[in-house]
2 protein chains.
Amino acid sequence: MKNYYDDCPLAYALNIIGGKWRMLILYHLMGGGLRYNQLKKKLCGITNIMLTRSLRELEEYGLVKRIQHSEIPPHVEYFITEHAEKLVPTLMVIAEWGKEQRLLEKGE
Amino acid sequence: MKNYYDDCPLAYALNIIGGKWRMLILYHLMGGGLRYNQLKKKLCGITNIMLTRSLRELEEYGLVKRIQHSEIPPHVEYFITEHAEKLVPTLMVIAEWGKEQRLLEKGE
DNA sequence: CTGTATCCAGTCCGATACTG
DNA sequence: CAGTATCGGACTGGATACAG
């Protein structure tokens, strides 16, 4: 997914939040922190690998914060950061748009 | 990119406008119609194959309209439809966010 | 509970050459 | 000008088993 980042902020952004799961993760975290398995349940169908990978990537970019409570059994919680929070309304618009789109398709 | 569309409108939407180029095409069409080669220039780096493919897909979903003028040499123009227009502000937000994100990364 | 390792599959994407 | 054909490569995503 390498692209002309420097010329186009949109391409740059999509490189970070694009991909199959990343926006979905941010979307589901908007309501507050979630634990690993809670998140997994919401993202119907995601595998451990993809969830872990995606979370790590989002963490690297500072979009997600990982909080580990020192307990046994382990208790880890994920939050979105302030900066990522700015994308939430956007994601909701896209979701809303998706609903309309689906209606259009079924209407035909 | 098959996913739990019916449960999650966001996933559904991303299935349509996700991918490497589709949002970028919509973004660049927001200013009005563009011809094939104009679009190609704006999307630095896109190949014929990908531009054509992406446009066809967007057309199928009713997000882009293709207008062919009967001339020689050919003259084809692409527009975004009203329904896709609703996504434009969203794309601008993401682009804006991308700018900030880049600053954050460079700042470190 | 929260992951990691390994290996594999499929999709997406692209370089190049060519066409009406 | 506006595309298509072909072939192949890269990369993303996944199944399964295992670990701290």
Side-chain angles (χ1 to χ4, degrees), chain A residues 1-5 8 10-26 28-29 33-61 64-79, chain B residues 1-5 8 10-26 28-29 33-61 64-79:
Chain A
M1 279 252 197
K2 261 136 210 166
N3 218 333
Y4 54 117
Y5 306 143
C8 181
L10 178 57
Y12 186 85
L14 290 178
N15 186 52
I16 295 172
I17 58 169
K20 185 163 178 178
W21 299 106
R22 300 204 276 244
M23 289 200 215
L24 289 168
I25 291 176
L26 294 178
H28 285 295
L29 283 179
L34 285 180
R35 299 177 65 162
Y36 185 88
N37 276 330
Q38 291 177 316
L39 204 44
K40 192 174 170 187
K41 249 169 243 159
K42 295 212 174 208
L43 297 161
C44 321
I46 196 171
T47 59
N48 282 334
I49 279 279
M50 289 314 297
L51 181 52
T52 302
R53 264 188 215 164
S54 307
L55 284 169
R56 292 287 173 279
E57 289 156 359
L58 290 171
E59 237 190 304
E60 273 178 32
Y61 282 109
V64 158
K65 198 129 206 113
R66 178 179 186 274
I67 308 252
Q68 173 159 15
H69 304 261
S70 302
E71 305 174 1
I72 292 180
H75 180 170
V76 179
E77 212 161 1
Y78 293 93
F79 300 85
Chain B
M1 276 253 197
K2 263 136 209 166
N3 218 335
Y4 53 113
Y5 306 144
C8 182
L10 179 56
Y12 185 83
L14 291 177
N15 186 51
I16 294 171
I17 58 168
K20 186 164 178 177
W21 299 106
R22 299 204 275 241
M23 289 200 215
L24 289 168
I25 290 175
L26 295 177
H28 285 294
L29 283 180
L34 284 179
R35 301 177 63 161
Y36 185 89
N37 276 328
Q38 291 177 317
L39 202 45
K40 191 173 171 188
K41 249 170 240 158
K42 294 213 175 204
L43 297 162
C44 320
I46 196 171
T47 60
N48 282 333
I49 280 281
M50 289 314 298
L51 181 51
T52 301
R53 265 187 215 163
S54 307
L55 284 170
R56 292 286 174 278
E57 289 156 359
L58 291 171
E59 237 190 304
E60 272 178 33
Y61 282 108
V64 159
K65 197 128 206 114
R66 179 178 186 274
I67 308 255
Q68 176 160 11
H69 305 260
S70 301
E71 304 174 3
I72 291 182
H75 180 171
V76 179
E77 211 161 1
Y78 293 93
F79 299 85

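No hydrogens, no waters, no symmetry mates; every other heavy atom, side chains included, goes into these values. Throughout, protein chains are lettered first and strands after them, A, B, ... in sequence-line order, and every chain is numbered starting at 1. Just so it is clear, the structure is predicted and the values come from calculations on it, not from any experiment.
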Visitor: Report the distance from atom CG of A:L29 to atom OH of A:Y78, rounding to the nearest 0.5 Å.
Guide: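 So the CG of A:L29 and the OH of A:Y78 are separated by 10.0 Å.
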
Visitor: Show me the donor-acceptor pairs, under 3.5 Å and distance only, between side chains in residues 51-59 of chain A and residues at least two apart or in other chains.
Guide:
from: A:T52; atom 1: OG1; to: A:Y36; atom 2: OH; distance (Å): 3.2
from: A:T52; atom 1: OG1; to: A:N48; atom 2: O; distance (Å): 3.0
from: A:S54; atom 1: OG; to: A:M50; atom 2: O; distance (Å): 2.6
from: A:E57; atom 1: OE1; to: A:R22; atom 2: NH1; distance (Å): 2.5

Visitor: List in chain and number order the residues that pass side chain to side chain donor-acceptor pair (under 3.5 Å) with B:E71, two or more places apart in sequence or in another chain; answer none if no residue qualifies.
Guide: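 Applying side chain to side chain donor-acceptor pair (under 3.5 Å) to B:E71 gives none.
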
Visitor: Scan nucleotides 3-10 of chain D nucleotide by nucleotide, 5' to 3', and note B when protein non-hydrogen atoms come under 4.0 Å of the base, S if they reach only the sugar-phosphate, - if neither.
Guide: BBBB----

Visitor: Looking at D:dA2, D:dG14, C:dT2, which one has an atom nearest to any side-chain atom of A:R35?
Guide: C:dT2

Visitor: Would you kindly compare A:T47 and B:P74 by the position of their nearest DNA chain D nucleotide and give the one closer to the 5′ end?
Guide: B:P74

Visitor: Over how many whole Å does the gap from A:R22 atom CZ to D:dG13 atom C1' extend?
Guide: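 Going from A:R22 (CZ) to D:dG13 (C1'), I get 12 Å.
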
Visitor: What is the distance, rounded to the nearest whole Å, between atom CD1 of A:I46 and atom C1' of C:dT2?
Guide: 14 Å

Visitor: Can you establish whether the number of heavy atoms outside B:I67 located under 6.0 Å from its atom CD1 is more than 12?
Guide: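 Check passes, neighbour count above 12.
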
Visitor: To the nearest 0.5 Å, what is the distance between NZ on A:K20 and CG on B:N15?
Guide: 9.0 Å

Visitor: Given axes from five pairs at either end, by how many degrees does the helix from C:dC1-D:dG20 to C:dG20-D:dC1 bend, rounded to 10°?
Guide: 60°

Visitor: Find the distance B:I17:CD1 to C:dC12:P and express it as a whole number of Å.
Guide: 15 Å

Visitor: Looking only at heavy atoms, what is the nearest atom pair of B:L24 and A:A11, with distance?
Guide: CD2-N, 3.8 Å

Visitor: Report the distance from atom CG of A:N37 to atom P of C:dG3, rounded to the nearest whole Å.
Guide: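 Spelled out: CG on A:N37 to P on C:dG3 is 9 Å.
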
Visitor: Rounded to the nearest Å, what distance is computed from the NZ atom of residue A:K41 to the C1' atom of nucleotide C:dG3?
Guide: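 My rounded result for the distance is 16 Å.
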
Visitor: Can you tell me how far apart CG (A:L34) and NZ (A:K41) are? Round to the nearest 0.5 Å.
Guide: 11.0 Å

Visitor: On a heavy-atom basis, which atom in A:M23 and which in A:I17 lie closest, and how many Å separate them?
Guide: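 The pair with the smallest heavy-atom distance is CG-O, 3.1 Å.
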
Visitor: Roughly how many Å is it from CD in B:E57 to P in C:dT11, rounded to a whole number?
Guide: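 My rounded result for the distance is 14 Å.
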
Visitor: If you only use heavy atoms from C-beta on, which nucleotide in C:dC1, D:dA2, D:dG14 is closest to the side chain of A:M50?
Guide: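 So the side chain of A:M50 is nearest to D:dG14.
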
Visitor: Can you list everything that forms a side chain to side chain donor-acceptor pair (under 3.5 Å) with B:Q68? Sequence neighbours excluded, please.
Guide: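 Counting only residues at least two positions away or on another chain, B:Q68 forms a side chain to side chain donor-acceptor pair (under 3.5 Å) with B:R66.
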
Visitor: Mind calculating the distance between CG (B:L51) and P (D:dC1) to the nearest angstrom?
Guide: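 Rounding to the nearest Å, CG of B:L51 and P of D:dC1 are 14 Å apart.
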
Visitor: I need the CG-C1' distance between A:N15 and C:dC13, as an integer number of Å.
Guide: 15 Å

Visitor: Do any side-chain nitrogens or oxygens of A:K20 fall under 4.0 Å of OP1 or OP2 in D:dG14?
Guide: yes

